[in-house]
Structure formats: C-alpha cells, structure tokens
S.K.: 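First, the structure itself, so that you have it in front of you.
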Protein chains: 2
Amino acid sequence: MSTKKKITIKDIANVLGLSTSAISKALNDDSRISEKTKKAVRQVAENLNYQPNHLASALRSGKSRLVGVIIPRNNSNFFSSVLENIEEVLNEKGYNIIITQSNESFEKECKCIESLLFTQVDGIIASMANETTDLSYYEKIKAKGIPLVLFDRGEMALEVDYVGIDDYETSFKIVDHLLAQGCTRIAHMGGYDDTRVYGNRIKGYKDALKERGMPIDERIISKNKLRIDDGRKVMEALLELPNRPDAVYAASDFAALGALQILNERGVKVPEEIALVGFSNEPFTSFLSPAISTVNQNSAQIGKLAAEAFLNRVDAPVEKGEVKKIIIETELLVRASSDKKIR
Amino acid sequence: MSTKKKITIKDIANVLGLSTSAISKALNDDSRISEKTKKAVRQVAENLNYQPNHLASALRSGKSRLVGVIIPRNNSNFFSSVLENIEEVLNEKGYNIIITQSNESFEKECKCIESLLFTQVDGIIASMANETTDLSYYEKIKAKGIPLVLFDRGEMALEVDYVGIDDYETSFKIVDHLLAQGCTRIAHMGGYDDTRVYGNRIKGYKDALKERGMPIDERIISKNKLRIDDGRKVMEALLELPNRPDAVYAASDFAALGALQILNERGVKVPEEIALVGFSNEPFTSFLSPAISTVNQNSAQIGKLAAEAFLNRVDAPVEKGEVKKIIIETELLVRASSDKKIR
DNA sequence: TATATTTGCTACATCGTTATAGCAAATATA
DNA sequence: TATATTTGCTATAACGATGTAGCAAATATA
C-alpha cells in the first residue's frame, strides 16, 4: 500500500542485472545503448513505478531545469497571461517555473532573486518592480552566468535580453486616434516618468502632439501611481479647468476607470464631450459602459518570446552574444469610450 | 569579475584548515561546534560570497523545501490573493513555492502533479479543477506520504486537510439578505452541481428558501459555467418569463456581471425592480454602476490557513492524524445592486 | 587519582544521479 | 589476416552537502 520505499535506477539495474550507468544512459536515450536494452529498461521502470530523482540529476548535471519568474504583482490580466505562456513554452522543453512576486517592492524583489538563486534555477525571467533603480541584484545574476530575460518593465542600462512593447510608438497611435475623432485638447494621465514604460508613454504623447502641430499644455498632464483613485482625483481637477480637455489618454486602465467613474457621476458624456482611452486591456474595461478603449499589449506573445529568449540563451554562448531587445506590436482597441462614429 | 567558480563548503574548509563536516555543522549552528569557530566560518563564508547549494542539501536531507501549489487559473483576484498569502507564510519558514496552473483541465492537472512530484516538492497545496472527478492522482500524492492540502475546491471523498468557506451557509446569508430587502422571487444562477462548491451553493439556496417558507421554482434556477455570457443569456431568459424574479443570486461575479449588463441595457432598474448579488468579490464588482453586492471569501485567510495546514502536516505524524477540515466565515458585501435602503 | 562525560573536531559514507574512462566483443577496413 | 573502428556495456568518481562513528583533549564525577 504505502510506497514508502523509493525506487532508484539501482533497483532497475538489479532487476536486469545491468549497471546503474547503463540504466541512466538507457533512460536518457544514449546512442551507446542497444534498442533492446532500452526497451527492457523502460519496461522495468514502468513496472516498478520508477520516478527519477530530480534533485540528484540536477546536482550531478548542474542543471535544475527550473526557471524563476519574477513579477511585480499577479493581479493584472497582463501578468497572468504572460505567465501562462511562459509556462507553456518552457514546460514543453522540460522546464518547470517558479513564480515569485515582488509586490512592487525593491526589497522583496531582492529576496525573490536571492531565493531563486538559492533554488539553483537555470535562469530568471523578470519584470522589474517600479521602485527598483538599484540594479546590483540583477548584475549579480548576470555575474553568475545565469541567463536573465526581462520583459515589460526593463532597463536599457542592463545588458540583457528584453521583450516588451513600444510604449513610445503606442502613444502615437492613441494620440492619432483621438485627433482623428476630432479631439483637439488631449489630457494625459501618466505614471512616474522614472519608470521607462511610463516615461516613454509620456514622451510619445508629447512628441506625437508636437509632430501633429498641436500645443502641449503641462496643466493637463499629470503623473502619479495611476490607481483608480488617482484617476478620479485627476479627472475632477481636469473638469475644474477653465478650458476642459476633450479627451483623456490614461496610461493605465485603472486610472481610466477612475476617470470614467467621475465622468459618469457628473453626467459628462463619453465620448461626445470627453473621449477616453486607457492602457493594458484589463478585462473590466470591456465590462463598463461605455466600454473603455485601451491597448492590447499582446501579453501572450510577450510570454512566449520571453521564454524563447531564455531557451536561446541556454543554448547560445552567453558571453558577448549581443543581447536581444525584442519590441512587439501593440493593438489599439477602439471601443465606445472614444468612438464618435466619425468616418 | 566573472564568478564562474562556485564556492562550496570545501573552499571555506580549506581557508580555515577545517573539515567540511565542521563547516556544515557550523553553518547549521550545531551545538558541537565552538562559538569561535562558528564566527570564523560565517565570516569566511561571507567573504567568499558563499551560496549554499540547495540541491545538494536537498538530496542529502531528502527535503527540498519546495512546496507545489496547483490552482485552476490565475485570472481571479481570489486565487492571486490566496497565493500571495501562501507564499508569505511559507517563505517565512524557509520554503519556496512552485505555482502551477491546471487551466481547469483534468489532464493538465495531472501533468502539474507529475511535474511537482518530479521536482521533489515537500508538499502540495491545491485547488481542484472543476472537471476533476478521478482522484487517483491525488491518491498518488497521499500514497507517497507527501503532505497534501486542498483549498476552496476540494473533495470530501479525499481524506486530506482542507481549507474553504461554507458555501451552504453563505447561500443562507444571501437569501436572507434578499428577503429582508423585500424580494419574494429569487432566481439562482448556479454552476454545475457536480462541483462541491456550486452544489453546496445551490443546496443552501434551496434549503434557505424552504426554511423561510418560500416556494422553489426550478424555472428560475439555472446551471452553467457562469461566464459573463452565461449570465447574459440566463438573464435574458429570466426577463422573458411571465412572472419575472425580483432578485438574482449568481454564484459567480462574472455571471452577475452578465446579468447586470442585460438589466442595464434593457433599462431594468437595479435593485428596485431586480436586486442582484454575485459571489467572490472580484474587484470589478465595485467598479460597476450599480456596484454589485457580493461575497468576500477571505482569500487572504484561506491562503494563510492552507500554508499553516501544510506546515503542521510536515511536523505532525501524517499517518492517521485525523485530517482537518477548516471552514472559514464569509462576509456578505451589500452594495447598491441589492440595497433598497429599507430599514 | 582513576574513570566518566563533554567538547570540538575529523574521517568517511551517503543521497541518486551522471560523466568519464575503459574494456571486451562485434564489425568494418586495409 | 591484421588492424581500426564501432557497439554495448561496466567501473568508478564525482556533484555538494549532511549524518554517523569515532577520537583526542578538556572537563566533570567518584
């Protein structure tokens, strides 16, 4: 009943009168073992219900077949979709993933790295916490020669592979869309611009306006944490202005939600009086009325590409192999909140 | 520069002219090593930037200090909150967690179990996929003597520790609340009743009505996957009925959302004409207008208790130690969708 | 003072695999 | 037929830690 006794390759070896090396090779499909023996070994392994001891092989081979993933927080659809795809790609190659959450805290992020290294992961795929500016822990990973791939929240300063979207370019798409809707005064709810992502969105927004010959008014540009409440407060302030904006581009769906709540509460017509666009395609944006236009970041693709970047690094020589920065296309999802039905 | 060379206890031993056993013992704070030596060892370890090899100690000690967690899907707030708390409790005790997702598929769930066992986890904390009825894989975990804790989606059939809410009792709370609001015809959007969770909610709903002397009408009880679209379809059908319900209790927030969309689209006043209550406290329920009343499942507590249940199993003799079924209180969050302001 | 106990360490085996070297038999090549 | 190569396996030593046995010196007990 109780399978207390653990079956090892030694047991298989005893049954077949072979050496443990032969068993190990047979199970790993080594060319120097005859087909006949392999078949017999596999048969016996199954009969005995043999389960390879991962720890032993990892210790001996120096490969744990474990990949650590660090995400800021697992409450957004974006990250859970990225994770799902990383897992799918890596599982196929025999890797398991260990997921850790930094909770947007630099300190916790360091702990995550520590414990992943402790667990002897073969690589780390990470999205940095917003508050992280000290890159020494990431340098430590690199120094150990462990493949490191960043996604979404990266740092160009770090010489590592990166997969993300073009935030700058996406701001152009949004601004152009709003201009095409006839908007002439587009406000921006931005994140703190010391994070690359939000900085680029702000920069793209300003450059787009400039290139289209529109004025930039700092009074309708805000920077904060982009939570629902931030969106509410900023929207309230915007409505107080002598000349209201006729569009709001929020760099986060949560801020956009806050803005929409205020607009609905005040009876401001969306999109007729003020058009609204968010960012990230959180599922709830489509639940609301009006549904909020937003940006699909192709999270599935980001996950797949990040996993593949890791796999390439494992094979390819790590040293001096020109890091890859992969930027993928975003898709502007135009919904009711910014669709004036103009043709 | 490149720390290619790995530092082991052997290196520390060489520096100090001691044996490796002495180093191991010193680092593990063995009483048979003098304070002076311990201090010296710790000092050298730090100087050399020694990182213990987890695989080696896991192999030798037979304890990996890894705990596997299986969740159906990581897109709900509930699971991500449970995870966060499991991690917090276990990290503190020196455990790392490996998160796997079954995607609600029995087949994938089996793979998750396989790969967790392969990774030699010290225990598994799981919430079962809805379609799982064959418990043989879970029996396999038990047979191996590895602590197993189920949460939320469990099976009484399995003799293992369990942490969850009282779905049956919660249905009483909801029905009573709706009755108190003056509702007399309460519809139920339920899940498939072969899953314990949904079965209990349905049972609680019916028994509550019975106990309060209300009739049960099968025509206003539906069973499906409780996605947004299911909620929409069922709500449409309910509105077609000759005698509409004046309240809807949906066993999922997503179904409740679908229902609300239809009600809003048709101009049915919520809660005046039809009151609505969901289940799970997904964040979006509070974003909507009207905000949907729902049930807070105390996910944080579930996570903490599940982790603690595992820790207890590790210490306590596993055999015949009466399994613990922990049921925690839920909280009904009354919001606009069911609050008729009656006193 | 003789014996028992404690202290502080060393030597060695071990966890379950895999990597390396090597060897006999079978097969290919000259 | 003699030599080279391939095939199919064995023996042995790791990987890096830890647990057990044991031993000398220091300390306690009789």
Side-chain angles (χ1 to χ4, degrees), chain A residues 3-42 44-45 48-66 94 117-122 144-145, chain B residues 3-42 44-45 48-66 94 117-122 144-145:
Chain A
T3 324
K4 272 276 115 91
K5 165 118 184 65
K6 290 210 172 160
I7 305 296
T8 73
I9 52 171
K10 209 166 176 175
D11 299 307
I12 304 179
N14 287 340
V15 170
L16 292 167
L18 290 172
S19 70
T20 57
S21 341
I23 309 301
S24 171
K25 283 182 181 134
L27 291 172
N28 288 303
D29 208 27
D30 189 296
S31 63
R32 299 288 289 272
I33 299 291
S34 71
E35 230 10 91
K36 210 173 80 182
T37 306
K38 282 180 190 170
K39 213 166 276 177
V41 169
R42 283 192 278 255
V44 173
L48 297 180
N49 190 26
Y50 166 71
Q51 294 278 127
N53 186 320
H54 164 257
L55 295 172
S57 75
L59 173 60
R60 181 62 242 246
S61 65
K63 298 279 139 209
S64 69
R65 304 241 110 198
L66 249 33
L117 292 178
F118 172 72
T119 317
Q120 313 284 126
V121 293
D122 285 348
K144 288 215 173 219
Chain B
T3 325
K4 273 276 113 88
K5 167 118 184 63
K6 289 206 174 161
I7 305 297
T8 72
I9 52 171
K10 208 167 178 177
D11 298 308
I12 304 180
N14 286 340
V15 170
L16 292 167
L18 290 171
S19 69
T20 56
S21 342
I23 308 302
S24 171
K25 285 183 180 128
L27 291 173
N28 288 304
D29 209 27
D30 190 295
S31 64
R32 298 288 289 273
I33 299 293
S34 71
E35 232 7 272
K36 209 173 81 182
T37 306
K38 282 180 190 169
K39 214 166 275 178
V41 169
R42 282 193 277 258
V44 174
L48 297 181
N49 190 27
Y50 166 73
Q51 294 278 126
N53 186 322
H54 163 256
L55 295 172
S57 71
L59 173 62
R60 184 64 239 254
S61 65
K63 298 278 142 214
S64 69
R65 303 244 110 197
L66 250 31
L117 292 179
F118 172 73
T119 317
Q120 313 283 125
V121 292
D122 285 349
K144 289 214 172 218

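Below, all heavy atoms of this structure are taken into account, side chains as well, without hydrogens, waters or symmetry copies. The sequence lines fix the lettering, A, B, ..., with proteins before strands; numbering per chain opens at 1.
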S.K.: Take B/Y50 and B/I9 through the side-chain contact (heavy atoms from CB on, under 4.5 Å) test and state the conclusion after the steps.
M.R.: CA-CA 8 Å; B/Y50 166 73; B/I9 52 171; 3.4 Å; yes
S.K.: To the nearest 0.5 Å, tell me how far B/S19 OG sits from B/K25 NZ.
M.R.: 7.0 Å
S.K.: Base, sugar-phosphate alone, or nothing: which one does A/K10 contact when heavy atoms must sit under 4.0 Å apart?
M.R.: nothing
S.K.: Looking only at atom types and distance, does a side-chain atom of B/S61 sit under 3.5 Å from a main-chain N or O of B/S57, one as donor and one as acceptor?
M.R.: yes
S.K.: At 4.0 Å (heavy atoms only), tell me whether A/T8 reaches a base, stays on the sugar-phosphate, or touches nothing.
M.R.: sugar-phosphate
S.K.: Could you give the start and end, 5' to 3', of the contact zone on DNA chain C for chain A, using atoms under 4.0 Å from its heavy atoms?
M.R.: C/dG16 to C/dA21
S.K.: Determine yes or no for a side-chain-to-main-chain donor-acceptor pair under 3.5 angstrom, with B/D30 supplying the side chain and B/R32 the backbone.
M.R.: yes
S.K.: Starting from P on D/dC15, measure out to CZ on A/R60 and report it in whole angstrom.
M.R.: 7 Å
S.K.: Between A/T20 and A/K10, which heavy-atom pair has the shortest distance, and what is it?
M.R.: CG2-CA, 3.9 Å
S.K.: Relative to the 5' end of DNA chain C, which residue comes earlier, A/K25 or A/L59, by the nucleotide with the nearest heavy atom?
M.R.: A/L59
S.K.: Heavy atom of residues 13-21 of chain B under 4.0 Å from DNA chain C: which residues?
M.R.: B/G17, B/L18, B/S19, B/S21
S.K.: Of all the heavy-atom pairs spanning B/D122 and B/R65, show the shortest one and how long it is.
M.R.: OD2-N, 2.7 Å
S.K.: Take the protein atom CD1 of B/I9 and the nucleotide atom C1' of D/dC15, then report the distance between them rounded to whole Å.
M.R.: 12 Å
S.K.: Let me check the geometry of the helix from C/dT1-D/dA30 to C/dA30-D/dT1. What is the bend angle between the axes at its two ends, five pairs each, to 10°?
M.R.: 40°
S.K.: Specify the residues of residues 27-39 of chain A, ordered by number, for which at least one heavy atom lies under 4.0 angstrom from an atom of DNA chain D.
M.R.: A/R32, A/I33, A/S34, A/T37
S.K.: Listed by chain and number, what are the salt bridge (charged side-chain N to carboxylate O under 4.0 Å, His left out) partners of B/K38, not counting sequence neighbours?
M.R.: B/D29, B/E35
S.K.: Rounded to whole angstroms, how far apart are CD1 on B/I23 and C1' on D/dG16?
M.R.: 13 Å
S.K.: In Å and rounded to the nearest 0.5 Å, what is the CG to CD distance from B/L55 to A/Q120?
M.R.: 5.0 Å
S.K.: Mind running side-chain contact (heavy atoms from CB on, under 4.5 Å) on B/N53 and A/L59 for me, showing each step along the way?
M.R.: CA-CA 9 Å; B/N53 186 322; A/L59 173 60; 4.2 Å; yes
S.K.: Closest approach of B/A22 and B/I33, non-hydrogen atoms and distance?
M.R.: O-CD1, 4.0 Å
S.K.: Between A/V41 and A/L27, is a side-chain contact (heavy atoms from CB on, under 4.5 Å) present by the stated rule, with each step listed?
M.R.: CA-CA 7 Å; A/V41 169; A/L27 291 172; 3.9 Å; yes
S.K.: Would the distance check show the side chain of A/S64 and the main-chain N or O of A/A58 forming a donor-acceptor pair, the cut-off being under 3.5 Å?
M.R.: no
S.K.: In this structure, how many angstroms lie between the C1' atom of D/dC15 and the CD1 atom of B/I7, rounded?
M.R.: 16 Å
S.K.: Partners of A/D11 by salt bridge (charged side-chain N to carboxylate O under 4.0 Å, His left out), sequence neighbours excluded?
M.R.: A/K5
S.K.: May I have the distance from A/F118 (atom CZ) to D/dG16 (atom P), rounded to whole angstrom?
M.R.: 15 Å
